Amino acid sequence: MDIKKICIIGAGIMGHGIAQLVATHGYDVNLVDVNDEVLNKAKASIEKSLNRFFVAKNKITAEEAEKILDRISLNVNRDDAVKDVQMGIEAVFEDITLKQQLFSELDAICDKDVILASNTSSLSITDIAIKSKNPDRIVGIHFFNPAPVMRLIELIKGKNTSDEVLKTSKKFSESLNKTVVTVNDAPGFVTTRLIYVLCNEAANMKMEGIASTEDIDIACKLAFNFPMGPLELSDLVGNDIYLHIGEYLEKEFGDKYKPCPILKEMVDKNLLGRKSKKGFYEY
Ligand SMILES: NC(=O)c1ccc[n+]([C@@H]2O[C@H](COP(=O)([O-])OP(=O)(O)OC[C@H]3O[C@@H](n4cnc5c(N)ncnc54)[C@H](O)[C@@H]3O)[C@@H](O)[C@H]2O)c1
């Protein structure tokens, strides 16, 4: 199957980043969200990112940036937007019910050979596909934020994902100039499960008074050459997101993944991190 055009559903942080990435690599994109306001904001963010990080740094010309933008069409009508594509990538909220519903609808509308991918960062691909009649075409393509810059794609094989769909998805991911790791379906995959454990343990140490917030982060950065400390990272991603991931992993795997109690307290007090201007640090 030759992929030329892709529909991306959800134009938030990840959806618009993925749109920019795939359009930069020559694919046409139909970008879908619930209203024009979100879509226009997404396109403005893509334009800003292209100019600031690529044109200004002489990585691409202004004409190339213009062409990339021209490859991205905005659409509030999802059913129209998936008509002429060879792949759909979903980047809506991290909610299993929403994703199951979306995939069963896409499965009913799209031609049988269209690949349907989820950008979920933790949910089981097998579960996401549970209401779909053709789960063999459903796969996880996990991009990282910011999608145009981060070097990894985690490719997730659901229990029913066909080998052919996995192979085409791998070839597509590599065409974006990313390194691809292939993972069998399990909650949190490799990356989210690992980073959650690190950030949650750092929160536990903070709660136990083992060291200050700053010292926990400095220790991690200088001892392991990490670009960010775990508490800084938790603030960046959102303490609510880590709590949500922890609750899910605890439900699936047991007590070992129990979220640190201070994460819950912080979320209750709206100490979400950068987005609420206060978390482990103040912004
Ligand atoms: N933010 C990250 O760092 C990151 C990294 C990797 C993966 N992810 C995953 O990517 C997905 C999206 O995360 P995000 O951070 O971009 O979220 P976000 O909140 O920034 O964007 C979600 C977008 O989906 C839209 N949406 C919701 N329901 C829709 C529907 N039915 N049809 C069309 N659009 C709909 C919303 O309007 C919103 O614009 C999640 O599954 C998340 O776990 C996030």
Side-chain angles (χ1 to χ4, degrees), residues 12-14 16-18 21 45 48-49 52-53 57 91 93-95 119-123 140 142-154 156 178-181 183 186-283:
I13 296 174
M14 290 311 292
H16 83 252
I18 299 167
L21 170 71
S45 300
K48 195 169 153 199
S49 159
R52 195 160 153 205
F53 299 111
K57 294 187 175 170
F93 304 129
E94 188 78 336
D95 175 325
N119 179 51
T120 174
S121 46
S122 62
L123 301 170
H142 183 197
F143 297 84
F144 296 84
N145 184 24
V149 176
M150 298 296 281
R151 292 179 297 161
L152 183 70
I153 284 181
E154 195 175 26
I156 301 114
K178 303 291 185 192
T179 298
V180 181
V181 292
V183 177
F189 322 125
V190 168
T191 54
T192 305
R193 187 161 150 190
L194 279 176
I195 201 66
Y196 164 75
V197 170
L198 180 73
C199 294
N200 195 50
E201 205 49 37
N204 278 324
M205 288 184 212
K206 159 89 182 155
M207 183 181 72
E208 291 160 15
I210 303 288
S212 68
T213 303
E214 290 78 5
D215 282 355
I216 292 171
D217 280 342
I218 291 169
C220 211
K221 284 190 279 194
L222 300 191
F224 310 128
N225 219 4
F226 284 4
M228 275 186 130
L231 298 174
E232 263 179 295
L233 181 64
S234 197
D235 269 1
L236 178 71
V237 173
N239 296 314
D240 52 333
I241 304 282
Y242 275 120
L243 177 64
H244 189 65
I245 291 169
E247 287 171 345
Y248 175 60
L249 293 179
E250 184 190 10
K251 183 165 77 66
E252 296 293 322
F253 292 127
D255 282 357
K256 187 173 146 191
Y257 293 88
K258 196 177 189 56
C260 170
I262 62 167
L263 267 187
K264 172 120 188 43
E265 276 168 34
M266 288 172 75
V267 172
D268 287 345
K269 290 181 189 154
N270 201 37
L271 303 176
L272 308 181
R274 281 184 183 266
K275 61 186 162 191
S276 68
K277 308 241 181 294
K278 205 170 173 194
F280 289 102
Y281 296 89
E282 287 196 24
Y283 299 92

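These numbers come from a predicted model, not from an experiment. All values below were derived from every heavy atom in this structure, side-chain atoms included, with hydrogens, water molecules and symmetry-related copies excluded.
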Looking only at heavy atoms, which two atoms of [X] and [Y] are closest? And how far apart?
X	Y	result
Ser122	Thr192	CB-CG2, 4.1 Å
Leu249	Pro187	CD2-O, 3.6 Å
Glu250	Pro259	OE1-CD, 3.5 Å
Phe226	Cys220	CD2-SG, 3.6 Å
Gly229	Lys221	N-CG, 3.6 Å
Ile18	Ala147	N-CB, 3.8 Å

Taking distance alone, no hydrogens or angles, what donor-acceptor pairs closer than 3.5 Å link side-chain atoms of residues 235-246 to residues at least two apart or in another chain?
from   : atom 1 : to     : atom 2 : distance (Å)
Asp235 : OD1    : Asn239 : ND2    : 3.1
Asp235 : OD1    : Phe280 : N      : 2.9
Asp235 : OD2    : Phe280 : N      : 3.1
Asp235 : OD2    : Tyr281 : N      : 3.0
Asp235 : OD2    : Tyr283 : OH     : 2.6
Asn239 : OD1    : Ser234 : OG     : 2.7
Asn239 : ND2    : Leu271 : O      : 3.1
Asn239 : ND2    : Leu272 : O      : 3.4
Asp240 : OD1    : Lys275 : NZ     : 3.1
Asp240 : OD2    : Lys275 : NZ     : 3.1
His244 : NE2    : Glu94  : O      : 3.4

[atom1] of [X] to [atom2] of [Y]: how many Å apart, nearest 0.5 Å?
X	Y	atom1	atom2	result
Asp215	Met205	CG	CE	12.5 Å
Ser121	Tyr196	OG	OH	13.5 Å
Ile13	His16	CD1	NE2	8.0 Å
Cys260	Asn200	SG	CG	6.0 Å
Thr120	Ile156	OG1	CD1	7.5 Å
Asn270	Lys277	CG	NZ	11.5 Å

Would you check if [X] and [Y] make a side-chain contact, meaning some heavy-atom pair closer than 4.5 Å?
X	Y	answer
Cys199	Leu231	no
Phe143	Leu21	yes
Glu265	Ile262	yes
Tyr257	Glu252	no
Ile195	Leu233	yes

Inset, instruction - State whether the number of non-hydrogen atoms from other residues, nucleotides or ligands found under 6.0 Å of Asp268 atom CG is greater than 12. - result: yes
Legend entry - All pairs passing side chain to side chain donor-acceptor pair (under 3.5 Å) where residues 142-154 contributes a residue, at least two apart: His142-Glu154, Glu154-Thr191
